[in-house]
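Note that these values count all heavy atoms, side chains included, but never hydrogens, waters or copies made by symmetry.
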Amino acid sequence: MKRSISFSVNGDTVQVEVHPHWNLLRVLREELELTGAKQGCGEGECGACTVLVNGLPINSCIYPIMEVEGKDVLTIEGLASRDGALHPVQEAFLEKAGVQCGFCTPGMIMSAKALLDANPDPDEEEIRQALAGNMCRCTGYIQIIESVKHAAALLSSIEQEA
Amino acid sequence: MRTFDYFKPVCVEEALFLLNKFADKSKLVAGGTDVMVQWKKRIISPVALISLRNIPELNFIRMNDCLEIGSATTHRSLELSADIKSKFPAIYDAVSNIGSVQVRNSATIGGNLCNAAPSADSAPPMLVLDTGVNIVSSDGQRSIPIDQFFKGPGKTVVQPNEVVKSFSIATPPENTGMAYWKHTRRSAMDLPILGVAVLLSFDEDIKTCVKARIGLSVVAPTPIRARKAEEFLLGNVVNEASLDEAGKIAASECSPRTTIRGSDWYRREMARVLVKRVGLISTERASHFSKLES
């Protein structure tokens, strides 16, 4: 039997009819048409489905939808401002070529965003730890790590201007 | 359609009521990083999932005379606790290297232990800390030492009508060092080929061992203590030679299997090597702590 649950996605409150066995990723992609988060392994190994729930990165492919009730979900679609201006982490990934095929990118960026929210000036080891759960089969990770370092610099310069 | 109903009790009493109501047709779920995958792979098909995520009395880290950890505390909360890192570094070593940040934000220490994988990372540190497991049912409470908790792969002493509530750990005596080493092929997102935790307490000169605990995973159907190696170290001067011998004894206490991650002889050999190495790290940490305290 379907249940009705309500939660916030990228700042908007949504009400969705769900089967209790659905996971968050399915609801984002199939019900809410937010297809930024990707289904990779479906088992919490690859990180392509990473979104933030109450600010913390989780694997949405194994996150029970019934646990999302009343919580705040942030997906890659919610990062850019409403006028279309990219978030500094997105800018940094473009500038440092941290994107190749793009499949892992939404998850990478959400993990990077969560890291930089908690730790604005991470060292390389901390970046590698934070991204350990996001697999990339194209880049060899070097440009991705450079992108996160650049994002930290961009965010700190914005901070200083403000 | 294959589905389940999902219940979100807000107190232990309510969880126990649901557990009694649905009995063997239900499954407890905390972070879901094991349970949701088992459901997807059709290993389990419960009628009701009973979530322990929304019960505040299961989610806490309390440090008074002893350390108490709620069973539904995430690995990430433990990893970020300054007290855990400074006072119980073997727990930190284990919980900071389980899965990814995403997994650690969901997965709980109670879930890791109740899932009872022979490779459970949190098991060896909890074994060397003589952890008490506090279990509750509608009939009352009981506490059992963690070395009696595991019964086999995926099996524990927890009965179908019971919930693991918390873990109690006594503060180790002065001059104690502890560490956990997860032996893996890659440094992240891997299961251990072997897991080794060592806790050593010393007399004041940080030489003679007054307490020894060695916890091993993936060397037997359950995580185990290497009791003969512990007995050998007790009262002995701890140095490279005695830890070498302790490693040999510990290896003889192992009965590992050959699996995709490693063969039996390799696991036994690495148990010998790693008991020594982790013993040296523990000794170094004990001497570091004693300098900090003096």
Inset, instruction - Report the option among B:Met189, B:Arg2, B:Arg53, B:Arg76 that has the most heavy-atom pairs separated by less than 4.5 Å from atoms of chain A. - result: B:Arg53
Legend entry - Selection residues 11-31 of chain B - residue pairs positive for side chain to side chain donor-acceptor pair (under 3.5 Å), sequence neighbours left out: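 Those involving residues 11-31 of chain B are B:Asn20-B:Ser138.
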Inset, instruction - Specify whether B:Phe4 and B:Trp39 have parallel, tilted or perpendicular ring planes, treating 30° as the upper limit for parallel and 60° as the lower limit for perpendicular. - result: perpendicular
Inset, instruction - With a 4.5 Å cut-off on heavy-atom pairs, point out which of A:Ala114, A:Ala132, A:Pro64 contacts chain B the most. - result: A:Pro64
Legend entry - For chain B, the option from A:Gln129, A:Met66, A:Glu45, A:Glu69 that forms the most heavy-atom pairs under 4.5 Å: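 Answer, by heavy-atom pair count under 4.5 Å with chain B: A:Met66.
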Legend entry - Shortest non-hydrogen separation from A:Met135 to A:Cys104 and the atoms involved: O-CB, 3.2 Å
Legend entry - Working for side chain to side chain donor-acceptor pair (under 3.5 Å), residues A:Asn10 and A:Thr75: CA-CA 7 Å; A:Asn10 301 330; A:Thr75 73; 3.0 Å; yes
Show me the donor-acceptor pairs, under 3.5 Å and distance only, between side chains in residues 50-63 of chain A and residues at least two apart or in other chains.
unit_1, atom_1, unit_2, atom_2, d
A:Thr50, OG1, A:Gly47, O, 2.6
A:Thr50, OG1, A:Asn134, ND2, 3.4
A:Thr50, OG1, B:Gln102, NE2, 2.9
A:Asn54, OD1, A:Asp72, N, 2.9
A:Asn59, ND2, A:Gly44, O, 3.4
A:Ser60, OG, A:Cys49, O, 2.7

Legend entry - Per-residue contact mode, A:Arg3 against chain B (heavy atom under 4.5 angstrom): side chain
Inset, instruction - Go through the atoms of B:Asn54 and report whether side chain, backbone, both or neither lie under 4.5 Å from a heavy atom of chain A. - result: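 For B:Asn54, the side chain is the part near chain A, not the backbone.
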